[in-house]
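Before any comments, here is the structure.
The residues of the chain are indexed from 1 along the displayed sequence.
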Amino acid sequence: RIEASVNGSPWVPVDMLDAMLSACGTTGPPAKALAAQLHDQIDIPWDIAISVHSICVNPRWESRLARVLPNTDRLSGDSLGALVSLIFNRGTPFDQPGDRYREMRAIKVHMGVCQFDKIPDEFRSMKRIWPTVPGLQKRRDLEADLFARGLAKLPVKPSVIKAAHAGTGPIVVAPGG
């Protein structure tokens with residue numbers, strides 16, 4: 001509630017903010033009923049929604065990601081964005097046991113040893129979790145593609161970073177290669 005009021009107040013009228021706050025914490029069937037009840041009270045213009053997301057939401061999720069995964073500062077914006085999208089959907093269970101989190105754990109390992117080139121396959125492998133949910137399967141493919149495009153923007157190929165990381169010292173990457 002506090003987060004919604006702090007993040008929303010500069011951009012939306014008080015009555016709209018109150019309607020949004022009344023829904024905070026509501027989930028499942030009650031949320032569906034409440035959404036139907038509130039749908040004509042909440043109308044956020046696209047430019048406002050994008051501003052709030054860029055200024056308030058993205059930095060919070062990027063910070064969460066940096067706390068749980070090593071080497072996020074070595075990624076391009078596209079690769080980082082793909083991981084932010086993933087945790088926005090799945091949370092940050094990079095240490096959770098069980099088959100459902102297999103790829104999440106693998107991503108953490110790959111990030112730790114700078115094997116970034118292996119991460120797109122982990123996104124795609126997650127589709128096994130939702131065999132009958134085409135929307136989530138498509139999202140994982142799009143995230144994998146975005147992550148891979150981001151790798152192409154790195155000044156040094158992931159294999160060079162991996163080789164440098166295999167040594168005992170810190171990774172030092174000179175501009176241009």
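- Ring geometry, Phe147 versus Phe123: the interplanar angle falls from 30° to 60°, so the pair is classed tilted.
- Between Arg102 and Arg128, the closest side-chain pair of non-hydrogen atoms falls below 4.5 Å.
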### Query
Between Thr92 and Met104, does a side-chain contact (heavy atoms from CB on, under 4.5 Å) hold up when you go through it step by step?
CA-CA 8 Å; Thr92 57; Met104 300 294 279; over 6 Å; no
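- Considering only heavy atoms from C-beta on, Arg140 comes within 4.5 Å of Leu86 through its side chain.
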### Message
I'd like to know whether Asp145 forms a salt bridge (charged side-chain N to carboxylate O under 4.0 Å, His left out) with Arg124, so could you lay out the CA-CA distance, the side-chain angles of the two residues, the decisive distance to 0.1 Å, and finally the verdict.
### Response
CA-CA 9 Å; Asp145 293 345; Arg124 289 187 179 91; 2.4 Å; yes
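- Shown here for Ser22 and Leu38, the closest heavy-atom pair between the two residues is OG-CD1, 3.7 Å.
- The two residues Pro70 and Met111 come nearest to each other via the heavy atoms O-CE, 3.1 Å.
- Under a hydrophobic clustering in which Ile, Leu, Val, Met, Phe, Trp and Tyr are joined whenever their side-chain heavy atoms come within less than 4.5 Å, directly or via other members, Phe88 and Met126 fall into the same cluster.
- Counting only distance, with no hydrogens or angles, the side chain of Arg105 and the backbone of Pro93 share no donor-acceptor pair below 3.5 Å.
- Between the CZ atom of Arg67 and the OG atom of Ser63 there is a distance of 4.0 Å, given to the nearest 0.5 Å.
- In terms of heavy atoms, Asp43 sits closest to Met16 at O-CE, 3.5 Å.
- Connection of Ile42 to Val52 is established within a shared hydrophobic cluster, with ILVMFWY side chains joined at heavy-atom distances below 4.5 Å, either directly or through further cluster members.
- Residues Ile44 and Val12 form a side-chain contact, since some pair of their non-hydrogen atoms from C-beta on lies under 4.5 Å apart.
- Of all heavy-atom pairs spanning Asp117 and Leu151, the tightest one is CA-CD1, 3.6 Å.
- Here the side chains of Leu146 and Glu143 are not in contact, with every heavy-atom distance at 4.5 Å or above.
- Judged by distance alone, with hydrogens and angles left aside, the side-chain atoms of Ser79 form no donor-acceptor pair with the main-chain N or O of Ser76 at under 3.5 Å.
- We find the CZ-NE2 distance between Arg60 and His53 to be 9.0 Å, quoted to the nearest 0.5 Å.
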### Task
Start with the C-alpha gap between Glu103 and Asp121, add the side-chain angles, then the distance that decides, and say whether side-chain contact (heavy atoms from CB on, under 4.5 Å) holds.
CA-CA 9 Å; Glu103 294 86 358; Asp121 287 339; over 6 Å; no
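- Rounded to the nearest 0.5 angstrom, Leu83 CG and Arg64 CZ are separated by 15.0 Å.
- Under a 3.5 Å cut-off, the side chain of Ser54 and the backbone N or O of Ile50 do form a donor-acceptor pair.
- Taking CG of Asp15 as the reference point, atom CD of Gln41 lies at 8.0 Å (rounded to 0.5 Å).
- Counting only heavy atoms from C-beta outward, the side chains of Val109 and Lys118 never approach each other to under 4.5 Å.
- The side-chain heavy atoms of Gln137 and Ile129, taken from C-beta on, include no pair separated by under 4.5 Å.
- Side-chain contact between Leu136 and Lys127 is absent, with no heavy atoms from C-beta onward closer than 4.5 Å.
- Put simply, CG on Leu80 and OG on Ser85 are 11.0 Å apart, with the number rounded to the nearest 0.5 Å.
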### Task
Check step by step if side-chain contact (heavy atoms from CB on, under 4.5 Å) holds for Ile87 and Val68.
CA-CA 11 Å; Ile87 69 164; Val68 297; 5.8 Å; no
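- Residues Asn71 and Val113 are not in side-chain contact: their nearest non-hydrogen atoms beyond the backbone lie 4.5 Å or more apart.
- Here the side chain of Ser51 pairs a donor or acceptor atom with the backbone of Asp47 at under 3.5 angstrom.
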